[in-house]
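Encoded as structure tokens, the structure appears first; notes follow it.
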Amino acid sequence: TGQIGPKIWTKPSILMDSTTATAELGWTISPSQGVSGWEEVSGYDENMNTIRTYQVCNVFDSSQNNWVRTNYIRRRGAQRIHVQMKFSVRDCSSIPNVPGSCKETFNLYYYESDSDTATKTSPSWMENPWVKVDTIAADESFSRVDLGGRIMKINSEVRSFGPVSRNGFYLAFQDYGACMSLIAVRVFYRKCPRVIQNGAVFPETLAGAESTSLVAARGVCVPNGEEVDVPIKLYCNGDGEWMVPIGRCMCKAGHEAVDNGTVCRACVSGFFKAAQGDHSCLQCPINSRTTNEGATNCVCRNGYYRTDSDPPQMPCTTVPSAPQNVISIVNETSLRLEWTPPQEGGGREDVVYNIICKSCGSGRGGCTRCGDNVQFVPRQLGLTENRVHISDLLAHTHILLNPKLTIDNAEVTRLCKDRK
């Protein structure tokens with residue numbers, strides 16, 4: 001599956017914030033103005049900043065049913081809506097002679113609509129057509145002495161609802177007998193931010209319709225990255241947090257990961273990377289160079305070589321000098337051939353010798369390969385020692401023996417000796 005780093009959050013995307021209003025909010029009230037119910041007034045937040053609030057306090061009148069409805073809020077593609085409410089509620093027990101109908105809670109509703117068509121009477125001020133989100137209770141309530149000491153206990157509650165599918169919606173707050181102030185309402189949705197994770201770019205993705213939703217996002221490898229394992233995915237949860245990484249991308253040959261894996265950069269001149277992977281570019285080995293940036297291998301400089309089996313990180317080597325001091329000891333139809341290693345090995349240690357045996361007649365005809373009956377001990381090809389014993393040669397025949405120096409089966413030089 002791969003790993004994911006620290007949680008990556010984005011700021012909530014705000015759809016409405018009552019604290020930013022520079023004039024009256026102008027929300028719709030039921031019962032209408034003139035009847036004691038919700039009232040828009042200037043108030044203070046917890047930092048004593050002036051804000052527009054809605055207050056109601058009809059605790060001595062039973063059967064309260066006071067509603068206040070926000071203006072139309074466009075959802076901007078969001079499927080799940082979050083509502084943060086800051087409010088203060090008067091403790092019923094602190095109000096002298098308060099009737100039993102005094103409440104310390106209120107209700108939150110929403111109503112979806114494709115356009116701003118609400119009036120003072122529509123939708124009707126009741127559950128259905130309104131959809132109830134929750135009954136909101138205060139964690140703390142205040143008494144009169146708190147206000148006198150300018151101590152304000154503000155509750156903050158967040159509720160969410162979804163899925164929503166219309167172009168927008170309204171919120172409504174229903175009071176049924178509390179003494180309270182609705183200080184701030186902030187409406188927002190969550191989304192996972194654009195992120196580069198596991199070598200892939202994931203687009204900004206809206207959270208799903210349910211709080212438990214996981215919305216899959218397909219990643220695209222960063223430039224010069226290649227997908228490995230399985231298709232690259234991240235999941236955006238209901239809180240706007242990326243999680244459950246699957247698969248990953250790696251930088252392709254000739255490129256290395258930089259900036260915490262967010263960029264695959266071409267290897268600079270003089271460096272190379274032979275294969276896909278997380279490893280960094282390597283400096284060219286001795287006697288080699290690159291011909292361009294983003295190199296996957298380094299080419300040997302003039303006069304230096306590699307064999308086909310040499311790994312790309314191996315230095316280039318040059319041609320060894322010829323074997324030296326070749327001598328032979330003949331005994332009828334056998335001989336012992338010895339030599340000393342080349343004076344210059346060319347930078348290699350895997351030097352071996354092959355013996356080439358040719359039979360040359362006394363006439364002017366050319367030489368031919370020795371017959372299969374000729375024996376070489378320890379062997380004819382791939383000698384690692386600088387001696388060989390040859391037997392079963394034809395008597396009275398010119399034999400041309402050539403210890404040929406090779407590197408990994410690649411012929412590099414030869415030395416011929418003619419012996420009878």
Side-chain angles (χ1 to χ4, degrees), residues 18-19 21 23-71 83-111 118-159 170-186:
S18 65
T19 65
E24 290 187 358
L25 294 172
W27 293 353
T28 304
I29 294 172
S30 175
S32 59
Q33 298 280 8
V35 180
S36 59
W38 288 102
E39 181 182 8
E40 181 176 356
V41 297
S42 291
Y44 299 94
D45 63 12
E46 61 268 37
N47 298 316
M48 302 310 294
N49 297 316
T50 302
I51 54 174
R52 303 297 295 179
T53 70
Y54 278 89
Q55 297 180 359
V56 65
C57 191
N58 296 333
V59 293
F60 291 100
D61 297 327
S62 61
S63 301
Q64 291 295 300
N65 185 27
N66 304 306
W67 292 67
V68 57
R69 183 185 71 213
T70 67
N71 298 327
V83 183
Q84 182 186 36
M85 299 154 286
K86 292 185 177 182
F87 60 96
S88 58
V89 178
R90 180 82 177 267
D91 184 356
C92 288
S93 63
S94 70
I95 304 174
N97 304 318
V98 70
S101 59
C102 178
K103 306 294 183 184
E104 296 179 0
T105 60
F106 62 98
N107 291 328
L108 170 65
Y109 294 87
Y110 75 95
Y111 176 84
T119 66
K120 290 184 178 181
T121 58
S122 176
S124 301
W125 302 99
M126 64 180 67
E127 186 169 352
N128 190 13
W130 288 91
V131 180
K132 185 176 179 179
V133 178
D134 200 4
T135 296
I136 311 301
D139 295 325
E140 295 180 332
S141 57
F142 68 90
S143 61
R144 188 175 299 172
V145 294
D146 293 326
L147 287 177
R150 295 183 65 84
I151 300 173
M152 181 174 288
K153 294 183 178 180
I154 296 179
N155 296 275
S156 180
E157 297 286 338
V158 177
R159 298 292 186 272
Y170 302 90
L171 296 180
F173 305 90
Q174 180 197 25
D175 159 62
Y176 48 99
C179 186
M180 63 169 291
S181 176
L182 189 59
I183 296 169
V185 178
R186 189 175 67 143

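Positions are given from 1, in the same order as the sequence printed here.
- Separating the CD atom in Q55 from the OG atom in S181 is a distance of 4.0 Å, to the nearest 0.5 Å.
- Here the straight-line distance linking atom CD1 of I154 with atom NZ of K86 works out to 7.0 Å at 0.5 Å rounding.
- Rounding to the nearest 0.5 Å places OG of S42 at 4.0 Å from CZ of R52.
- Heavy atoms only, all atoms of each residue included: R69 and P123 are closest at NH1-CD, 4.1 Å.
- Interatomic distance, D134 CG to L108 CG, rounded to the nearest 0.5 Å: 7.5 Å.
- Counting all heavy atoms, side chain and backbone alike, W38 lies closest to N66 at NE1-O, 3.1 Å.
- Cys pair C179 and C92 fails the test of SG atoms under 2.5 Å apart.
- A donor-acceptor pair under 3.5 Å links the side-chain atoms of T119 to the main chain of T121, judged by distance alone.
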**Request:** Show your reasoning for whether side chain to side chain contact (heavy atoms under 4.5 Å, CB included) applies to D139 and E157.
**Result:** CA-CA 9 Å; D139 295 325; E157 297 286 338; 2.8 Å; yes

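- A donor and an acceptor atom, one from each side chain of Q64 and D175, are nowhere located under 3.5 Å apart.
- Contact of the W27 side chain with the S18 side chain is registered, since non-hydrogen atoms from C-beta on lie closer than 4.5 Å.
- The structure places CZ of F173 at 5.0 Å from CG of L182, a figure rounded to the nearest 0.5 Å.
- In this structure, F60 CZ and N97 CG are separated by 6.5 Å, a value rounded to the nearest 0.5 Å.
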**Request:** With side chain to side chain contact (heavy atoms under 4.5 Å, CB included) as the test, would you mind laying out the steps for I95 and R90 before giving the verdict?
**Result:** CA-CA 8 Å; I95 304 174; R90 180 82 177 267; 3.6 Å; yes

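- Annotation: side chain of M180 is in contact with side chain of F106 (closest heavy-atom distance under 4.5 Å).
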**Message:** I'd like to know whether I136 forms a side chain to side chain contact (heavy atoms under 4.5 Å, CB included) with M85, so could you lay out the CA-CA distance, the side-chain angles of the two residues, the decisive distance to 0.1 Å, and finally the verdict.
**Reply:** CA-CA 9 Å; I136 311 301; M85 299 154 286; 3.8 Å; yes

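- The two residues V59 and C102 come nearest to each other via the heavy atoms CG1-SG, 3.8 Å.
- Taking the six-membered ring for Trp and thresholds of 30 and 60 degrees, W130 and W125 have nearly parallel ring planes, at less than 30 degrees apart.
- Side-chain polar atoms of Y176 and T105 form a donor-acceptor pair below 3.5 angstrom.
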**Asked** Between V158 and V83, does a side chain to side chain contact (heavy atoms under 4.5 Å, CB included) hold up when you go through it step by step?
**Response** CA-CA 5 Å; V158 177; V83 183; over 6 Å; no

**N65/Q174 under side chain to side chain donor-acceptor pair (under 3.5 Å): CA gap, chis, key distance, verdict** = CA-CA 7 Å; N65 185 27; Q174 180 197 25; 2.8 Å; yes

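- When all heavy atoms are compared, the tightest approach of V89 to E104 is CG1-CA, 3.6 Å.
- Using modelled atom types and a 3.5 Å distance limit, the side chains of T19 and R186 yield no donor-acceptor pair.
- Two residues are said to be in side-chain contact when any heavy atoms from C-beta on lie closer than 4.5 Å; Q84 and V185 fail this criterion.
- Between Y109 and W67, the ring centre distance stays below 6.0 Å.
- E40 and T53 share no side-chain donor-acceptor pair at under 3.5 Å.
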